Number of protein chains: 2
Amino acid sequence: MSRSTVTPQSQPATSDSIARALSLAIHEHRIAPGTKLGEDELAEIYGVSRTVVRAALQGLSHVKLIDIRRNKGASVASPSLTEAHEVFEARELLEPRTARSAAARATPEDIALLERHIADEHAALEAADPGRALYLSGLFHNEIARIADQATIAGFIETLVARSSLIIALYWRRESALCEKHAHHALVRALAEGDATQAEDLMRSHLVDLHSALDLRERNARAPSLKEALSQ
Amino acid sequence: MSRSTVTPQSQPATSDSIARALSLAIHEHRIAPGTKLGEDELAEIYGVSRTVVRAALQGLSHVKLIDIRRNKGASVASPSLTEAHEVFEARELLEPRTARSAAARATPEDIALLERHIADEHAALEAADPGRALYLSGLFHNEIARIADQATIAGFIETLVARSSLIIALYWRRESALCEKHAHHALVRALAEGDATQAEDLMRSHLVDLHSALDLRERNARAPSLKEALSQ
DNA sequence: GAACACAAAATTGTATACAATACAAGTTTC
DNA sequence: GAAACTTGTATTGTATACAATTTTGTGTTC
């Protein structure tokens, strides 16, 4: 049954679960920027009507992971270079402050969780699963925002981190790991020590470093078929 | 005909136009926090099917102007005190930087537009239309963000300004004008002179001032009927 | 009057049918 | 061969019907 293949629960897919699945696929680069997201195709994949798919697509559109053009349909967003710079600028403005707050609030459980994220990211890289590593790398940033306990700003950061995965798909220049290993380790150390100023500075330079790794040339990547990308 | 009363155009209302109309009504305090937004009722008011209304409501939900609970419907959001503080904190983080950028970029046309906003706001206050004044006051902030030419951050600010109107409806303590007259004038002067540091400082203190005007007690306001509020 | 049970009505969630628009393929004209 | 036109197909936008859930109203019991 198509449902149990794509959504391993006994319940029908909801718009929320579909949006989450698509978001994860985009984040892990299983769906490339520019990929057309047809309503009928997704409805068939998830075993629901177009109504539910449309709601999911609208949700994704609001966080700018996809573009919906009236009468023309939905596709995975392809941020322009300008948007790419804007996203990283916004992160450079928000995340250092968030790291500062997180350093003042982090519990040992928080630190342990962040360390597990780093370990999982490296495991994914060694398993030749860069998409998974990228997702976990982004999640690391989202977790710091959660620890900072400012939900409004954490929501913005989550959006920016998700969009970053699109930008990385299009503009990333380096061959190495996406977020360098030592940057995340150093951040966790600063959080563990409650060193707010250090955490803030480290986060700022980490993001400036990421921003500097954007390439000025656009790239194209072969897009796997939609069904292929979503069958996990 | 119901359509031409509420939407003075010959075309049927779209989900976008409905979302905009509702957003304006919320912003001007014609619809109060907590007001139930029934799909059938809105569908009748706007002369469209529930499908279009649902799309509009989803859009408003994504910017947190309304809350949608599964199986229970949509209502205008009532931000908690915590959310209120978060929203103003986020504004204090984003808007000073935006004012700084705007000061470096403002054209004479931009300045003239901002001055018109201030004049219109005062006219609205003298016409005993505080809702309109509030909307224009918020728009002033959105315009500065637009001048700063960073669409990603401007988008966040727009969301925060809209949510601020809900917060003001619930928590505002002062009887006087919502944004004090001289604060906006001083900002425009700093922008006109290209004084980035002054613009940044003025914006920060303006927002800190707004934040300090939040009351700790919640208030209730009589909610006009939905049709009444939307008939403009 | 309060609490409970049940039925009816209202509302929300979803599927499906139909209308509107865009796209692709084939044909005609220059 | 390129451009314009026509036709058929695919896709998106919307209304409507039906299913599922919640709310309201009514009656009964204590």
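By convention in this document, chain letters (A, B, ...) are assigned in the order of the sequence lines, proteins followed by strands, and residues within each chain are numbered from 1. Computed from a prediction, not measured in an experiment: that's the story for all the values here. What's counted below: heavy atoms across the whole structure, side chains too, no hydrogens, waters or symmetry copies.
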Can you give each donor-acceptor pair under 3.5 Å made by side-chain atoms of residues 151-162 of chain A, sequence neighbours left out, with the distance rounded to 0.1 Å?
| from | atom 1 | to | atom 2 | distance (Å) |
| --- | --- | --- | --- | --- |
| A:Thr152 | OG1 | B:Glu86 | OE1 | 2.9 |
| A:Thr159 | OG1 | A:Gly155 | O | 3.2 |

Give each protein N/O atom lying under 3.5 Å from an N/O atom of nucleotides 7-14 of chain C, with the pair distance.
| from | atom 1 | to | atom 2 | distance (Å) |
| --- | --- | --- | --- | --- |
| C:dT12 | OP1 | B:Lys36 | NZ | 3.4 |
| C:dT12 | OP2 | B:Glu39 | N | 3.2 |
| C:dT12 | O3' | B:Asn71 | N | 3.4 |
| C:dG13 | OP1 | B:Asn71 | N | 2.9 |
| C:dG13 | OP2 | B:Arg54 | NH1 | 2.8 |
| C:dG13 | OP2 | B:Arg54 | NH2 | 3.1 |
| C:dG13 | O3' | B:Arg70 | NH2 | 3.2 |
| C:dG13 | N7 | B:Arg50 | NH2 | 2.8 |
| C:dG13 | O6 | B:Arg50 | NH1 | 3.1 |
| C:dT14 | OP1 | B:Arg70 | NH2 | 2.9 |

- Under the side-chain contact (heavy atoms from CB on, under 4.5 Å) criterion, do A:Leu22 and A:Leu57 qualify, and how do the steps go? CA-CA 9 Å; A:Leu22 288 172; A:Leu57 292 178; 4.2 Å; yes

Between CG of A:Leu57 and P of D:dT11 the distance, given in whole Å, is 14 Å

Sequence neighbours excluded, the answer for salt bridge (charged side-chain N to carboxylate O under 4.0 Å, His left out) partners of B:Asp129 is none

Q. What about A:Phe140 and A:His117, are their ring centers closer than 6.0 Å?
A. no

Does the plane of the ring in A:His206 sit parallel, tilted or perpendicular to the ring in A:His184? Use 30° and 60° as the thresholds. perpendicular

